[in-house]
Amino acid sequence: MNFTAHGLKNMILNREIKVEEVVKLYLDRIDSLDCKVDAYLYVSSEEALKRAKELDKKLVSNEKKGGLFGIPISIKDNISVAGMQNTCASKMLKGYISPYDASVIERIKQEDGIILGKLNMDEFAMGSSTETSYFKTTKNPWNLEMVPGGSSGGSAASLAADEALLSLGTDTGGSVRQPAALCGVVGLKPTYGRISRYGSVAFGSTLDQIGPMAKNVEDCALLTENIAGLDNKDFTTADVKVSEYTNILTDDIRGKKIGIPKEYFGEGLNSDVKKCVEKAIDVFRQNGVKIEYCALPLSTYSLAAYYIIGCAEASSNLARFDGIRYGYRSKDYADAIDIYTKSRSEGFGDEVKKRIMLGTYVLSKGYYDEYYKKALKARNLIKREFVDIMKKFDAIICPTTTDTAFKIGEKQKDNISMYLSDLYIVPSNVTGVPSISIPCGMVNGLPVGMQITSNYFREDLLFNLAYSFEQSTNWHNLKPNI
Ligand code: GLN
């Protein structure tokens, strides 16, 4: 299938294709392919077809048509859709049905988007490969022996395999951008406060953002403009105007200044990935951008700060899963404490337990100052460094990941190397600035992603820079042979 979301919307509005036909095409595709890719945990065929028929009626009425009219969208299984499961890929929430819509889902529905189903992910969004899912491991559509990345691996794979046109993931420490890079699609981690998180299951509350994903920049901008903005149900959302990103999209980026932080091109970076990103930087030069090397020495401490802050917040957020209010409850227990202990021991997987223990430790008396408070101080310094660098540059560019997709099982026992692969992506969560990952090359048949980061609330600039690159290259049009 060769649709783009913006193109398909126009085809539907021009009555060249019916929404019902579109939904059937996608459901058939999922039916025939997802047994190989394993992107979906739940396919909402009935609801999607019902909605499609309603929209086909709306099409011939005078009613106003929404900004996502008829576009099939897939949703990570930690974002609530009323009446559908919301498992976070955990045994803890197996069988849990969400009673309400997240704010982003409300907006998608208002804008006439179609929800195709819920996607696999790392358990509670902790991981970089979807291997920590309790249910299954999603495969990378470019090579089914490889991981799709994570934690939003189902989202990225569903796009790369053409099993959806738009997708929502969440990004606490790179979980939208890393799988986007490994699957050759576009993923945005918006500014902290740009998109409401009401109805997404909290992991690290000062880091989490819901991130729009798509197969090209214009589609990503389309989804973003339809879901972003102030939400009185999430007090961390900011009252900053949301531009109509698709209307102001331009590939004229002459005169912009981009910084290349040398720390992000050093040790640990695969030399072929490095070459791809360097070539991509040349494309920006040709498009009239001024490129200069720069230094971000403090940002290299982001990874350490992230794993302390992220675990601390996770240990507190996940305390609610106690086997009493909802979620998994152990069959066999003596008293209340026993319910907590057994339900949590049996309901959570190893990676989640490890983070809860680490987080509890860094918050405990005697260690709080040494670890947690220190990480917060580091975070402040890293933020200041970013604010300063953004006075000199419009954006900075680096690889999204240190390497291309790795083999399923390869890093499962080597946590440190899995954590280290988050090196370039966590600074944006620690500081709150927006970053986008776009495809910029191929190495041994696997996609390479480039990350562009800008100042707070300058998603418009990210889209334009990314769009100009896309207009000059063909990477986003490549498709896996599946
Ligand atoms: N790899 C990161 C982690 O395991 C991803 C977290 C996220 O963004 N949800 O913490």
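When a ligand or atom number is given, it counts from 1 through the structure's own listing order.
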I need the atoms of ligand 1 closer than 4.0 Å to a non-hydrogen atom of [X], numbered in the order shown.
X: Asp171; answer: 8 (O)
X: Thr172; answer: 7 (C), 8 (O), 9 (N)
X: Ser151; answer: 9 (N)
X: Ala125; answer: 6 (C), 7 (C), 9 (N)

Using a 3.5 Å distance criterion without hydrogens, assess whether the side chain of Asp171 forms a donor-acceptor pair with backbone atoms of Val176.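 Checking the backbone N and O of Val176 against the side chain of Asp171, a donor-acceptor pair under 3.5 Å is found.
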Quick check on Arg355 - does any of its heavy atoms sit under 4.0 Å from an atom of ligand 1?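 Per 4.0 Å heavy-atom rule, Arg355 contacts ligand 1.
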Is it true that Tyr419 lies under 4.0 Å from ligand 1, counting heavy atoms only?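 No, Tyr419 has no heavy atoms under 4.0 Å from ligand 1.
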No-hydrogen, no-angle side-chain donor-acceptor test under 3.5 Å, [X] and [Y]:
X: Thr170; Y: Lys76; answer: yes
X: Ser421; Y: Asp403; answer: no
X: Asp219; Y: Asn216; answer: yes
X: Ser200; Y: Asn78; answer: no
X: Ser196; Y: Arg107; answer: no
X: Asp122; Y: Ser151; answer: no

Please say whether [X] places an N or O atom under 3.5 Å from an N or O atom belonging to ligand 1.
X: Gly150; result: no
X: Asp422; result: yes
X: Gly173; result: yes
X: Gly127; result: yes

What residue and heavy atom of the protein are closest to atom 7 (C) of ligand 1, and at what distance?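 Looking at atom 7 (C) of ligand 1, the protein heavy atom closest to it is Ser175 OG, 2.5 Å.
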Considering only non-hydrogen protein atoms, determine which one is nearest to atom 10 (O) of ligand 1 and report residue, atom name and distance to 0.1 Å.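 It is Tyr306 OH, 2.5 Å.
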Would you mind checking if Glu351 and Arg355 are paired as a salt bridge, meaning a charged N to carboxylate O distance below 4.0 Å?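 Yes, Arg355 and Glu351 are salt-bridged.
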